[in-house]
Structure formats: structure tokens, C-alpha cells
Amino acid sequence: MKLIIVKDAAEMSRKAAEIFAARIKKKANLVLGLATGSTPEKMYAELAKMNRRKEVDFTEVSTFNLDEYVGLRGDHDQSYRYFMNKNLFNKINIQKENTHVPDGMALDTKETCKLYELAIKGAGGVDLQLLGIGSNGHIAFNEPGSPKASRTRVVKLTKNTIKDNSRFFKKVSEVPTKALSMGNGTINEAKEIVLIANGANKAKAVKATLEGPVTEAVPASLVRDHKKITFILDEEAASLLTKKK
Ligand code: GLP
């Protein structure tokens with residue numbers, strides 16, 4: 001496990017973008033696992049900037065997003081498909097057909113989740129997975145208590161997550177209560193993981209992830225012992241850690 005603590009969100013974003021760009025330079029057809037939320041926004045802007053400057057090429061890259069709200073169409077401004085198009089895919093030279101986000105409007109969600117797993121396998125697995133972290137320690141939409149071996153499935157969001165994410169919606173009642181999410185097991189199979197976190201509201205979850213027990217009660221702790229994982233934290237998110245190296 002590698003721990004990098006930086007000054008602020010801007011530096012966290014630059015560092016993470018550099019890692020992603022370096023891996024794509026090494027392997028042009030890299031398979032990325034991508035995350036949404038406010039945390040990766042600046043990192044995606046960095047990658048778009050690098051792409052504009054022709055420092056990184058996404059032509060052969062493919063992507064699989066972690067999750068999507070159930071009931072939101074891809075053109076809904078709070079869907080994760082919309083977020084990804086707006087913040088990254090529309091700004092880089094990726095082929096849209098190589099980008100995958102679970103279908104929140106799927107009628108047969110079981111089959112959709114199974115096919116999503118198969119698509120990841122078919123692409124050779126995720127080479128590099130980006131993760132954020134929820135204030136309750138969730139990764140993707142694997143809420144506390146999600147099984148270690150869980151796969152892509154429909155999950156119910158906790159009150160805490162609905163409240164956290166309501167800042168993006170007009171009213172709390174508009175926040176979907178369910179999502180399709182890769183499982184902890186799916187995420188752990190990525191060949192490499194980068195987890196980013198910034199801000200004081202993540203400090204408790206970061207502390208529990210890195211210094212608490214490895215437990216399903218804190219899903220992010222389940223990736224801590226991954227063979228190739230880097231945590232990039234800003235000072236605020238790292239503020240409660242006892243060991244800063
Ligand atoms: C959502 C996403 C997670 C993300 C988390 C944190 O719940 N499903 O993948 O890590 O929010 O979001 P933010 O970066 O906005 O704090």
C-alpha cells in the first residue's frame with residue numbers, strides 16, 4: 001500500500017491524473033475503472049487538459065464506471081452517465097462505444113448486472129481502478145455491510161448517502177434510493193487501484209479505512225490490502241491519521 005499525502009484537492013487531482021496518464025502511455029488499450037462524485041472532477045479536468053495538449057491518447061482506452069442510479073436516464077443531469085460525458089468523455093478523444101456505465105433504466109437489472117460483469121471480463125479485466133470514498137466509508141455504492149465478495153448488483157442506498165448526495169439534487173426526495181453498483185469483489189479484482197479523498201468530511205472514513213479493522217462495515221477497508229493500491233489524500237482528509245507514511 002502506498003500513501004501519498006498532498007496539500008490540497010488541486011495537488012491530489014494532478015497526482016492522480018499523472019498516474020493515469022503514465023499507465024495509458026505504457027499500455028494504449030488500458031481498461032479503466034472510473035468513479036463519479038465531486039472528488040474526481042478536477043482530476044478529469046487535468047486528464048482532459050493533458051489530452052488537449054496531446055500528452056495522453058484515449059483512442060484505444062476503454063472504461064467501466066463503478067455505478068449508476070436506478071431510474072435515471074443517461075441524459076438526466078444527475079445520472080452518472082451524464083456526469084462522465086460532461087466531465088470527461090466529451091472532452092477527450094475516447095471512442096464513446098468503449099465507455100461503459102451501468103444502465104440505470106434497465107428493466108432486467110439482474111441480467112444487466114451479469115452482462116456488465118461479463119463485459120469487464122471480456123475486456124480483460126480492469127487495469128486501473130479509480131475510487132472515491134463516501135463519508136460512511138462506502139466505495140462505489142457498496143454501503144457498510146456490503147459483502148466482501150459482492151459483484152455488480154442492485155443496492156439500496158443508506159440515509160447517510162442519500163443525504164450526502166442530495167446536494168446535487170433540488171430536493172432530498174429526488175435522490176434515487178437504489179443504484180446499480182460494482183461489488184467489493186469486482187473492485188478488488190482490478191490490477192491496480194488509486195483511491196482519492198479530500199476534505200475534512202472524509203477524515204473519519206479515511207481513518208477507519210487505513211487504521212481501523214478490515215471489515216465489511218467499512219467497505220473501503222476491504223481494498224486496503226490490495227496488492228497494488230495507492231491512496232492520495234489531501235491534508236484535511238488525512239488529518240486524523242496517526243501514521244502518515
Ligand atoms: C457517491 C459515489 C461514490 C463516490 C462518493 C463520494 O456515492 N457512488 O463512487 O466515491 O459518492 O462522492 P464525493 O466525491 O462527491 O464526495
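One-based numbering, in listed order, for ligands and for the atoms of each.
A distance of 6.5 Å separates CD1 of Ile94 from CG of Leu88, quoted to the nearest 0.5 Å.
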Please list every donor-acceptor pair under 3.5 Å in which a side-chain atom of residues 199-210 meets a protein atom from a residue at least two apart or in another chain.
| residue | atom | partner | partner atom | Å |
| --- | --- | --- | --- | --- |
| Lys202 | NZ | Ile133 | O | 3.0 |
| Lys207 | NZ | Glu211 | OE1 | 2.7 |
| Lys207 | NZ | Leu240 | O | 3.3 |
| Lys207 | NZ | Thr242 | OG1 | 2.9 |
| Thr209 | OG1 | Ala205 | O | 2.7 |

Please set out all donor-acceptor pairs under 3.5 angstrom arising from side-chain atoms of residues 40-50, sequence neighbours excluded.
| residue | atom | partner | partner atom | Å |
| --- | --- | --- | --- | --- |
| Tyr44 | OH | Ala35 | N | 3.2 |
| Tyr44 | OH | Ala35 | O | 2.6 |

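Taking a heavy-atom cut-off of under 4.0 Å, ligand 1 is surrounded by Thr36, Gly37, Ser38, Thr39, Asp67, Tyr80, Gly132, Ile133, His138, Ala140, Phe141, Asn165, Arg167, Lys202.
Around NZ of Lys163, the count of heavy atoms belonging to other residues, nucleotides or ligands within 6.0 Å does not exceed 12.
With hydrogens and angles ignored, the 3.5 Å screen pairs a side-chain donor or acceptor of Ser13 with a backbone N or O of Ala9.
Annotation: ring pair (Phe, Tyr, Trp, His ring centres under 6.0 Å) contacts involving residues 2-21, sequence neighbours excluded, are absent.
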